[in-house]
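Have a look at the structure below before the remarks.
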Amino acid sequence: MFELPEIANLSAQINKTLTGKTVLKGSLGNSPHKFVWYNRKPAEFEKLTRGKKIGKSAPRGRWLFIPVQPGYILMLGECGGKALYHPAGSALPKKYHLLISFEDGSSFTVTTAMWGAMELYEKGGERNRQYIRGMRTTPVEKEFTQEYFSRLVKEVAGGEKRSAKGLLTQDQLIPGLGNSIAQDILFRARLHPRHPVETLDARQIRTLYLAIRSTVDQAVRLGGRNDEYDLFDHPGGYIRIMDKNAAGRPCPECGRKIEKIQYLGGACYFCPGCQK
Ligand SMILES: [Zn+2]
């Protein structure tokens, strides 16, 4: 699944590659998929996108906003799989859930691996969509400051019981983070995934804040994780410290064996020596 670094990277690549192109034909795919969420019928999508120009896209959490101008916004959200650019004359993937062909012969496809939204809104309407309306600040925005984060932790600590992993991955408290990048953040912050949020002291909150910023910044700079693909079908350059290959290996900091637990909807890898 794409998390914020992959979405931010795709957005930057789209802006260099697709922005300014004119749509020849927009199509909602050639392979029915139960878990792709569309809000338009194929004929309607084709009609609304024809002749329109791609504007400058923007990432927001796990959502990508692509202006289809004038008047519309294409939203790709909560997606995994591949979002690819195809230069004129190159072959398209066999299966795709979205295809936009451009007047210059190039095209853009999205093929999801698990689920995902591919929706076209009249400009402004996208802001009312569930998960977008009321979305909190994401870690790549300048408003994501230490003060903001401390307030968020206090708010979360005053509510239902949450763990450090829950703070990072549940209910879009920090939009864009997912199970993958959260593991490296917790390792850098020296926090056990189950560490209760209400017991975090000021120093731990600061360390966690810095771990979020540095991990996300690094992953964005390196073009996303190396187990996901970019617009040109190249894997990202960010290699996770804590992933399935880490289990059983010595911790790079203290040498103790990395452990694996199932917790909050997925496998967690952590160092029992470093993460408390
Ligand atoms: Zn360790």
Side-chain angles (χ1 to χ4, degrees), residues 1-9 61-62 80 138-140 144-157 160-228 235-276:
M1 294 294 288
F2 296 142
E3 296 181 8
L4 193 155
E6 291 78 42
I7 293 288
N9 185 56
R62 285 201 242 185
T138 77
V140 293
F144 194 85
T145 59
Q146 163 81 64
E147 291 68 38
Y148 168 81
F149 184 67
S150 302
R151 277 201 310 276
L152 174 70
V153 171
K154 276 204 189 94
E155 180 197 322
V156 170
E160 58 182 286
K161 273 207 173 316
R162 297 250 188 208
S163 62
K165 182 181 174 185
L167 171 67
L168 297 187
T169 62
Q170 289 184 308
D171 298 332
Q172 294 211 100
L173 293 167
I174 307 173
L177 303 186
N179 196 32
S180 293
I181 199 159
Q183 319 232 11
D184 281 9
I185 292 171
L186 291 172
F187 177 68
R188 290 201 172 100
R190 301 291 181 259
L191 288 176
H192 191 285
R194 294 187 200 271
H195 189 111
V197 168
E198 71 265 25
T199 66
L200 292 172
D201 62 26
R203 188 190 52 84
Q204 287 171 316
I205 293 171
R206 167 130 190 101
T207 311
L208 180 55
Y209 170 74
L210 293 175
I212 293 170
R213 290 293 307 268
S214 65
T215 306
V216 169
D217 287 353
Q218 205 187 119
V220 171
R221 206 173 53 243
L222 293 172
R225 303 181 335 256
N226 71 332
D227 49 2
E228 297 286 352
Y238 180 81
I239 298 167
R240 284 158 64 198
I241 312 166
M242 291 289 161
D243 67 0
K244 62 181 191 308
N245 302 315
R249 282 197 191 158
C251 164
E253 292 291 327
C254 74
R256 279 189 56 179
K257 256 191 192 170
I258 305 294
E259 289 183 11
K260 175 186 178 181
I261 51 169
Q262 288 295 330
Y263 178 53
L264 289 186
C268 273
Y269 305 91
F270 69 99
C271 171
C274 295
Q275 292 177 252
K276 301 293 180 194

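Just so we're clear, the structure is a prediction, and the values are computed from it rather than from any experiment. Only heavy atoms go into these numbers, but all of them, side chains included; no hydrogens, no water, no symmetry mates. Just follow the structure's listing: the first ligand is 1, and inside any ligand the first atom is 1.
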Practice task
Sequence neighbours left out, what pairs pass side-chain hydrogen bond (donor to acceptor under 3.5 Å, both in side chains) with at least one residue falling in residues 263-276?
Solution key: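 side-chain hydrogen bond (donor to acceptor under 3.5 Å, both in side chains) check on residues 263-276 returns S163-Y263.
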
Problem - Pairs touching residues 208-219 that satisfy side-chain hydrogen bond (donor to acceptor under 3.5 Å, both in side chains), sequence neighbours left out - result: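 Listed once each, the pairs are R188-T215, Y209-R213.
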
Exercise for the section: Inspect the contact between K244 and D227 and indicate whether a charged nitrogen and a carboxylate oxygen are less than 4.0 angstrom apart. Expected result: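 No salt bridge links D227 with K244.
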
Handout entry: All ring-ring contact (aromatic ring centres under 6.0 Å, His included) counterparts of H192, not counting sequence neighbours
Key =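 H192: ring-ring contact (aromatic ring centres under 6.0 Å, His included) contacts with F270.
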
Problem - Ring-face cation contact, F149 with R151, 6.0 Å cut, 45° max - result: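 Judged by the rule (NZ or CZ under 6.0 Å from the ring centre, within 45° of its axis), R151 is not positioned above F149.
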
Practice task
Go through the steps to decide whether I181 and L4 satisfy the test side-chain contact (heavy atoms from CB on, under 4.5 Å), and finish with yes or no.
Solution key: CA-CA 9 Å; I181 199 159; L4 193 155; over 6 Å; no

Practice task
Using 2.8 Å as the cut-off, count the protein N, O or S atoms closer than that to the Zn ion (ligand 1).
Solution key: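 My tally for this metal is 4.
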
